[in-house]
Amino acid sequence: MRNGNGCSARPVIRATTGSFILSDKKILVLGGSGFIGRHLRARLAGQTGEDQVVATYHETPFSGGLKFDARVESLAEVIPGLEIFSHAVILLANAHPDDCAKNPEASRALNVTAIKAIIDQLAEGSVCPVFASTEVVFDGEKGGYVESDPVSPILLYGKQKAEIEEYLGSRVPSALILRIANVYGSDPAGSGVVAGWYKTVTGGAETVKCAHDYIASPVHVDDVAEAVLRLVEGKCLGTYHVAGPQPLSRLEMFETLLEEMRHSGPVDVDVVSCSIDDFSTEERRPRDISMAVDKLVAETALTPRNLRSACRHLVNAAEQTAA
Ligand SMILES: NC(=O)c1ccc[n+]([C@@H]2O[C@H](COP(=O)([O-])OP(=O)(O)OC[C@H]3O[C@@H](n4cnc5c(N)ncnc54)[C@H](OP(=O)(O)O)[C@@H]3O)[C@@H](O)[C@H]2O)c1
């Protein structure tokens, strides 16, 4: 691993009997039971072998997972001997902006205090932290944010993430910060906004309200997992935006899904275009938090998929399940 931004080299994937080598050391996934964590565990285990990946959960157990409550336990208590890991992917968080705003002390205890303690222990064990930050470290006034743009969060959740970015910058220069855009998946029964809409529409909703003025660069959960793998393998350090290929409003996202659903048959739902301000939220939402993904693409050769192809995949998967 080297100091400073960027990858030590374009990732070189060495094939060994159909799998790949990351390094002799293991990868730790903190928050392996969450939406991103489940997909990341599967991707890493598929690449490195299951015994190379150790992952934690809090309330949602999974086979081989280690129970860890970051608010009351120290990482070293739960996982002694951190030196066996090259990287620790820090996913665990309260990732719900409204919940963070409603419960500022509890969310700070997890998203800031506990994460700082984890980072300190990782630094002692010479483990590279891979921190899951967010697009809402930006204020949404500009859109198309690049990694060098100054952060200016307006949501408490974004402020908590920005505080950890700053902590890493001052304490652990050999870290990887991933500012992840809004994540969706193409499992019709799974998590994320697109699958949520699919369930709403197929559940018989007559009307769906979507904001035309809330713009992000949605990214597929499997592309997030792939980005982590490639950045880790490339020994990359510094800050990367992990985003989809294009900025889209919520309304454009929903219409894309509907168009793909209508290829399979009529869909009877009224789409109501509204402002993000028409939704009840604890804090006013930023407007255009889209991020440019060029740095990630240039340094890892990853091509994030577009939303339309993912929606098509979701619709096809649902049809196959129903058949
Ligand atoms: N999803 C997105 O659109 C998105 C976008 C940008 C950034 N991110 C960031 O990416 C990370 C993962 O997001 P996600 O969507 O996968 O979140 P998620 O599904 O809500 O998962 C959160 C994870 O944190 C764990 N956790 C919760 N409380 C904990 C505690 N007290 N101690 C230890 N672990 C605890 C959960 O464990 P249990 O489930 O077992 O309780 C779960 O594994 C988060 O840091 C989030 O801020 C997500």
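Atoms within a ligand are numbered from 1 in the order they appear, just like the ligands themselves.
For S107 and Q160, the side-chain atoms include at least one donor-acceptor pair closer than 3.5 Å. Under 3.5 Å, the side chains of R38 and S191 contain a donor-acceptor pair of N or O atoms. For the residue pair H220 / S186, a side-chain donor-acceptor distance below 3.5 Å is found, with atom types taken as modelled. Side-chain N/O atoms of D99 and N94 include a donor and acceptor closer than 3.5 Å.
Cation-pi geometry between R179 and Y240 is not met at under 6.0 angstrom from the ring centre and within 45 degrees of the axis.
With a 4.0 Å cut-off on non-hydrogen atoms, N94 does not touch ligand 1 at all. In A114, neither the side chain nor the backbone holds a heavy atom less than 4.0 Å from any atom of ligand 1. Residue-level proximity to ligand 1 for E135 is absent, since no heavy atom of it falls below 4.0 angstrom. Proximity of A181 to ligand 1, defined as any heavy-atom pair under 4.0 Å, is confined to the backbone N, CA, C and O atoms.
Using a 4.0 Å heavy-atom cutoff, R179 is absent from the residues neighbouring ligand 1. By the 4.0 Å heavy-atom criterion, S191 is excluded from the residues contacting ligand 1.
The shortest N or O to N or O distance between L91 and ligand 1 is below 3.5 Å. The shortest N/O to N/O separation between A70 and ligand 1 falls below 3.5 Å. Polar contact check, T56 against ligand 1: no nitrogen or oxygen pair lies under 3.5 Å apart. Ligand 1 has a nitrogen or oxygen under 3.5 angstrom from a nitrogen or oxygen of T60. Looking at ligand 1, you'll find an N or O of G31 within less than 3.5 Å of one of its N or O atoms. For ligand 1, the polar-atom distance check against L110 finds no nitrogen or oxygen pair separated by under 3.5 Å.
Listed by chain and residue number, nothing satisfies the salt bridge (charged side-chain N to carboxylate O under 4.0 Å, His left out) test with K199 (two or more places apart in sequence, or in another chain).
The aromatic rings of F138 and H241 sit perpendicular to each other, their planes meeting at more than 60°, with 30° as the lower class boundary.
Around atom NE2 of H313, no more than 12 heavy atoms belonging to other residues, nucleotides or ligands sit under 6.0 Å away.
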